[in-house]
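Input: a single structure, listed below in structure tokens.
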Amino acid sequence: MSSNGVARPVLVAVAWPYASGSRHLGHLAGAYLPADVFARFQRRVGNRVLMVSGSDVHGTPITVRADADGVTPNDIVDRYHAEFVDNWERLGISWDRYTSTGTDNHAAVTHDIFLRLLGKGHIDKRTSDQYYDEEAERFLPDRYIEGTCPHCDYTEARGDQCESCGRTLDPEELINPRSKITGSEPVPRQTEHFFLRLSDFQESLGDWLDSREGWRAHVLNFSKGWIEEGLQDRAITRDLDWGIDVPVDDLGPGKRIYVWFEAVIGYLSATKEWATDQDDPEAWRDWWENPDARSVYFIGKDNIPFHTIIWPAMLQGYGGLNLPTDVPANQYVTFRGGKASASRGVGLTIDEGLDLFEPDALRYALAASLPEQSDTELTVNEIARRINEELVATWGNLVNRVLSMVHGTCGGVVPPVGERARNDTALLADVDAALERVAAHIDRVELRAGLQSGMAAAAAVNAYLNATEPWKAARDDPERARVILGTALSAVNGIRVCLSPYLPFSNAALDGILGPVEGWCRTEVEPGRPIERPSPLFAKVDPTTLDGLVDDEPG
RNA sequence: GGCGACGUAGCUCAGCUGGUGAGAGCGCUCGACUCAUAAUCGAGAGGUCGACAGUUCGAAUCUGUCCGUCGCUACCA
């Protein structure tokens, strides 16, 4: 909420997962989990949150994958879109709209932006030489050309990169190039493509970036680096038949809009799709045209230039739409020192993670390890350690110990508040301070620190219980025991609000036990409310079930 | 090759524009407690802040070189 307490529109824009394969825990920690924590917090403090994303279904890698599997691109897309939707469901990622770039609406919005930029002269048409497959009668994207790598003599090198030595290539460098489609030798031929004139925005983007405050240093550094090197105009069409068609027909067939030009437009088109679905087609404007609106883009660091350069350039060129308020890109989660990659079998896919751990437990472990400042090394054992030694031991156990005592010594009901002593009110003041600390951290997208502050409050309640020893008071001074336990219960009820953006499932369970809490505050649990014998909020992970898993195998 | 980072206690990480004797969590040691998922709480041990050189009254923090790791390099997204 804004400082004057007025609800503010907050657009939570989240990287569009690419439907070419399973997403892994690195993606989850990089974008989806932080976005969800942030969105849940913003909703709870009363802001008007719209959290949008969808599956990115176009582009060359998907056609390559389809060819390799002997199926259509649609088959690939349908398979992984369904998997993603299932992932989000199981993880409790609270989308307001999760769609895909394959909708008519998205194509229409993309065309609108393309045509506006074309009309304003920010898109122009250029001629270049490109390899052409005469047998297939089509131009070839770099990835569809294979040949021998000039650096390492690997014979299966692709036109964009050699997978053997890892160097990036231009297709002209390949020795004995051949078409991946027909095997014939491709020949250079003139082709036309549309270019986004990024150079038009060199100065305005530089000024904009210079005026950003509170952005992460690595995000700003990287973006300014692009500006300093000089922005190059960039082709935004490709020789492909899988993608959004070009809304002007003077390029001929076999051309599509480049995925990255249209994928970022998804943030806008998904918002419009949501509005239409609300029977309020103009509602999207509140997040895109209202100067008080905030837009926060959750992405991994590999997507930085698309969100801090290209998309802002498109928005500036289009005119009248809000540029990103912040792009708190995360670094990488690494496994065995390398970037997680489902395709190379490094790290766990989201599916695999969910098969091993409860959703809240997995969310906790990842949130505690978010790569906000630097790459963070993760292993399955580290996840289990976070769950067992931190989540279960400090928080899960606290809830269980308090509920058990209330059940056992207060006649199975929440005791009246009674007369609280100084140490009681001091504890509650600590919890209230924690609520403010956590809120400040989450609002600045310092999610690790926010979680840590919440856990510190839980540890303070444990210390309070050790000091006040209600189990002894229950024998000597039952009235005092009831006051202590009522105090502890109130503290728990505040802390679970601190943790609710991170742990939605267990928070919902506590809604059932303690009654729901609205807003970002600590409330007293209603006296007289029955408390049954509790069962643990989280199960401990048995480490022996993890033996021989992914990160113990050669990577 | 070029660009951007990173290398801080056993592990995972904080340390903003240089300045009270270098931090957190976990692990470890010792102690307390026994309500609680053998959970909790307290105390303690443990670091030449990658190496070397420099700037400075003073550097983990600035500069340079080197070593190591990683990412990006605009047709992967």
Side-chain angles (χ1 to χ4, degrees), chain A residues 15-20 56 58-62 64 130 140-145 158-161 167-171 193 198 217-218 221-222 224-226 228-229 231-235 237-240 258-260 263 299-306 309-310 331-332 334 337-339 343 368-379 381-382 385-386 388-390 392-394 396-409 446 448-449 451-452 455-456 458-467 469-474 481 484-485 488 534-540:
Chain A
W16 290 57
Y18 197 54
S20 64
D56 180 0
H58 295 134
T60 318
I62 284 176
V64 170
Q130 177 124 19
L140 298 168
D142 292 357
R143 280 206 162 198
Y144 272 87
I145 300 165
R158 294 194 317 243
D160 60 336
Q161 182 176 35
R167 288 181 200 247
T168 48
L169 302 172
D170 282 325
H193 279 291
L198 282 177
H218 75 271
N221 269 345
F222 193 87
K224 287 182 176 175
W226 267 49
E228 279 161 24
E229 283 177 37
L231 293 181
Q232 293 177 29
D233 299 339
R234 185 171 170 122
T237 49
R238 292 287 185 275
D239 295 294
L240 261 192
Y258 173 44
V259 270
W260 253 111
I299 61 169
K301 66 176 167 184
D302 49 343
N303 282 343
I304 289 173
F306 297 99
I309 303 285
I310 296 175
Q331 310 256 8
Y332 291 133
T334 60
K339 178 185 173 183
S343 60
S369 309
L370 292 177
E372 293 176 330
Q373 312 292 337
S374 57
D375 290 355
T376 299
E377 173 73 12
L378 206 56
T379 65
N381 286 325
E382 172 71 3
R385 201 227 88 213
R386 289 274 193 193
N388 288 348
E389 307 299 336
E390 297 179 12
V392 171
T394 302
N397 181 59
L398 171 65
V399 171
N400 202 43
R401 86 191 278 212
V402 171
L403 291 179
S404 293
M405 280 191 279
V406 170
H407 172 75
T409 68
E446 297 163 356
R448 273 174 84 136
L451 182 57
Q452 203 175 6
M455 292 299 284
V461 181
N462 276 320
Y464 164 85
L465 290 173
N466 282 27
E469 301 183 309
W471 52 92
K472 283 185 183 167
I484 292 168
L485 291 174
S535 54
L537 223 42
F538 315 100
K540 267 198 164 190

Between [X] and [N], is there a contact of a side-chain N or O with OP1 or OP2 at under 4.0 Å?
X	N	value
Arg143(A)	rC75(B)	no
Arg234(A)	rC75(B)	yes
Asn397(A)	rU37(B)	no
Thr376(A)	rU12(B)	no

(message) I'd like the C1' distance from rG19(B) over to rU56(B), given in whole Å.
(response) 12 Å

Shortest side-chain distance from [X], nucleotide among [options]:
X	options	value
Val259(A)	rA74(B), rU37(B), rA77(B)	rA77(B)
Asp56(A)	rU37(B), rC75(B), rA77(B)	rA77(B)
Asp375(A)	rC11(B), rA74(B), rC70(B)	rC70(B)
Lys540(A)	rA77(B), rC33(B), rU37(B)	rU37(B)
Arg385(A)	rC26(B), rU12(B), rC35(B)	rC26(B)
Arg401(A)	rG25(B), rA36(B), rA77(B)	rA36(B)
Val392(A)	rC26(B), rU37(B), rC33(B)	rU37(B)

With sugar-phosphate meaning primed atoms plus P, OP1 and OP2, does [X] contact a base, only sugar-phosphate, or nothing at under 4.0 Å between heavy atoms?
X	answer
Glu389(A)	sugar-phosphate
Ser20(A)	nothing
Trp16(A)	nothing
Glu372(A)	nothing
Pro61(A)	sugar-phosphate

Roughly, in whole Å, what's the span from [atom1] in [X] to [atom2] in [N]?
X	N	atom1	atom2	value
Ile484(A)	rA36(B)	CD1	P	16 Å
Ile62(A)	rC76(B)	CD1	C1'	11 Å
Glu469(A)	rA36(B)	CD	P	14 Å
Asp170(A)	rG1(B)	CG	C1'	15 Å
Ile145(A)	rC76(B)	CD1	P	12 Å
Gln452(A)	rG15(B)	CD	P	11 Å
Leu451(A)	rC26(B)	CG	P	13 Å
Tyr258(A)	rC76(B)	OH	P	6 Å

(request) Whenever both distances are under 3.5 Å in a Watson-Crick or G-U wobble pair, mark it; put RNA chain B into dot-bracket that way, with [ ] for crossing pairs and | when the partner is on another strand. (result) (((((((..((((.....[...)))).(((((.......))))).....(((((..]....))))))))))))....

(message) I'd like to know if Glu390(A) pairs up with Arg386(A) as an ion pair, taking the criterion as any Lys NZ or Arg NE/NH1/NH2 lying under 4.0 Å from an Asp or Glu carboxylate oxygen.
(response) yes

(message) With nearest nucleotide decided by heavy atoms, which residue, Arg238(A) or Leu537(A), maps closer to the 5′ end of RNA chain B?
(response) Leu537(A)

Tabulated below should be each protein N or O lying under 3.5 Å from an N or O of nucleotides 41-46 of chain B; please produce it.
residue: rC41(B); atom: O4'; partner: Asn466(A); partner atom: ND2; Å: 2.6

Produce the list of close N/O pairs, under 3.5 Å, pairing protein atoms with atoms of nucleotides 3-7 of chain B; give distances to one decimal.
residue: rA5(B); atom: OP1; partner: Asn221(A); partner atom: ND2; Å: 2.6

(request) State which residue, out of Phe306(A), Tyr18(A), Trp16(A), fulfils the ring-ring contact (aromatic ring centres under 6.0 Å, His included) condition with Trp260(A). (result) Phe306(A)

(message) Please check: side-chain N/O of Gln232(A) versus main-chain N/O of Leu198(A), any donor-acceptor pairing under 3.5 Å?
(response) no

(request) For Ala539(A) and Val392(A), work out which heavy atoms get closest and say how close. (result) O-CG2, 3.9 Å

